[in-house]
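Contents: one structure, followed by commentary.
The chain is numbered in sequence order, starting from 1.
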Amino acid sequence: MPAGEGVRIAIRSARDADSARCAEIFLHGRRQAFSWQPAERFGLDDYYDCVRGDSVLVAETDGTVVGFVSLDPKAGIIHNLFIDPGWRKRGIGSALLREALGLLQGGAELACAARNADARAFYERNGWTPVGEASNQPDALVLYRLSRAG
């Protein structure tokens with residue numbers, strides 16, 4: 001699948017061998033996305049807790065995992081979507097979202113940090129609609145839905 005600048009991205013189910021790389025992407029992505037939080041609040045082991053029980057898809061280029069999405073197909077919920085910062089703005093997140101949606105039936109939901117303006121803009125560009133009001137709390141989440149005919 002093309003992903004801009006001549007880069008070819010393959011989306012596939014994650015393997016156990018991908019976990020360490022995904023944990024690294026998750027750690028750095030969260031530290032960047034939640035810049036208002038102290039960096040030490042996040043650790044590599046957080047990845048394993050946050051994807052436990054989920055289906056995980058990875059985006060790979062030239063044998064290197066550059067992003068992942070985790071989801072609960074039965075519940076119709078996307079839990080995490082993170083791209084290596086050096087690989088952003090190349091269509092990888094959109095490609096992962098499309099593949100994830102192929103595993104979900106009917107509508108889909110996800111939650112996003114209210115203060116994460118870049119992620120919110122990304123989801124809204126990809127057709128997601130905010131359906132919950134964010135509170136003024138620093139860690140407030142906004143619920144997004146994507147309704148599909150089907």
- Derivation of the side chain to side chain contact (heavy atoms under 4.5 Å, CB included) call for Asp72 and Glu109: CA-CA 10 Å; Asp72 180 341; Glu109 293 185 348; over 6 Å; no

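Side-chain contact between Tyr47 and Leu27 is absent, with no heavy-atom pair separated by less than 4.5 Å. For the pair Leu97/Tyr123, a side-chain contact is recorded, criterion being any heavy-atom separation below 4.5 Å from C-beta on. A heavy-atom distance below 4.5 Å is not found between the side chains of Cys22 and Phe82. Side-chain atoms of Leu143 and Pro130, non-hydrogen and from C-beta on, never get closer than 4.5 Å to each other. Looking at Thr64 and Trp87, their side chains never come closer than 4.5 Å, going by heavy atoms from C-beta outward. Between Thr61 and Arg8, every side-chain heavy-atom pair lies at or beyond the 4.5 Å cut-off.
The only member of Leu96, Leu110, Val51 that meets side-chain contact (heavy atoms from CB on, under 4.5 Å) when paired with Val69 is Leu96.
Residues Leu81 and Leu71 share a hydrophobic cluster, clusters being chains of Ile/Leu/Val/Met/Phe/Trp/Tyr side chains in contact below 4.5 Å. Residues Val58 and Leu103 fall into different hydrophobic clusters, defined by Ile, Leu, Val, Met, Phe, Trp and Tyr side chains chained together at heavy-atom separations under 4.5 Å. Linking ILVMFWY residues whenever their side-chain heavy atoms come closer than 4.5 Å, directly or via other members, places Ile25 and Tyr48 in the same cluster. Cluster membership for Val65 and Phe26, using ILVMFWY side-chain heavy atoms within less than 4.5 angstrom, is shared.
Separating the OG atom in Ser19 from the CG atom in Leu44 is a distance of 12.0 Å, to the nearest 0.5 Å. Atom NZ of Lys89 sits about 10.0 Å away from atom OG of Ser94, to the nearest 0.5 Å. Here NE2 of His28 is found 15.0 Å from CD1 of Ile83. Values are rounded to the nearest 0.5 Å. Expressed to the nearest 0.5 Å, how far CZ of Arg12 lies from CG of Asp18 amounts to 4.0 Å. Atom CZ in Arg41 sits 9.0 Å away from atom CG in Asp46 (nearest 0.5 Å).
Checked for salt-bridge contact, Asp49 and Arg52 meet the test: a charged N lies under 4.0 Å from a carboxylate O.
Scanning all heavy atoms of the two residues, the minimum distance from Gly132 to Val142 falls at O-CG1, 3.6 Å. Of all non-hydrogen atoms in Ala59 and Ile92, the two that sit nearest each other are CB-CG2, 3.5 Å. Of all heavy-atom pairs between Ala100 and Ile78, the closest is CB-CD1, 4.1 Å. Listed here is the closest heavy atom pair of Pro73 and Leu104: CA-CD2, 3.4 Å. When every heavy atom of Ala108 is checked against every heavy atom of Leu101, the shortest pair comes out as CB-CD2, 3.8 Å. Shortest non-hydrogen contact noted between Arg21 and Asp84 is NH2-OD2, 2.6 Å.
Relative orientation of the Phe34 and Phe42 rings is tilted, given thresholds of 30° and 60° on the angle between their planes.
Side-chain atoms of Glu124 and Tyr144 include a donor-acceptor pair closer than 3.5 Å.
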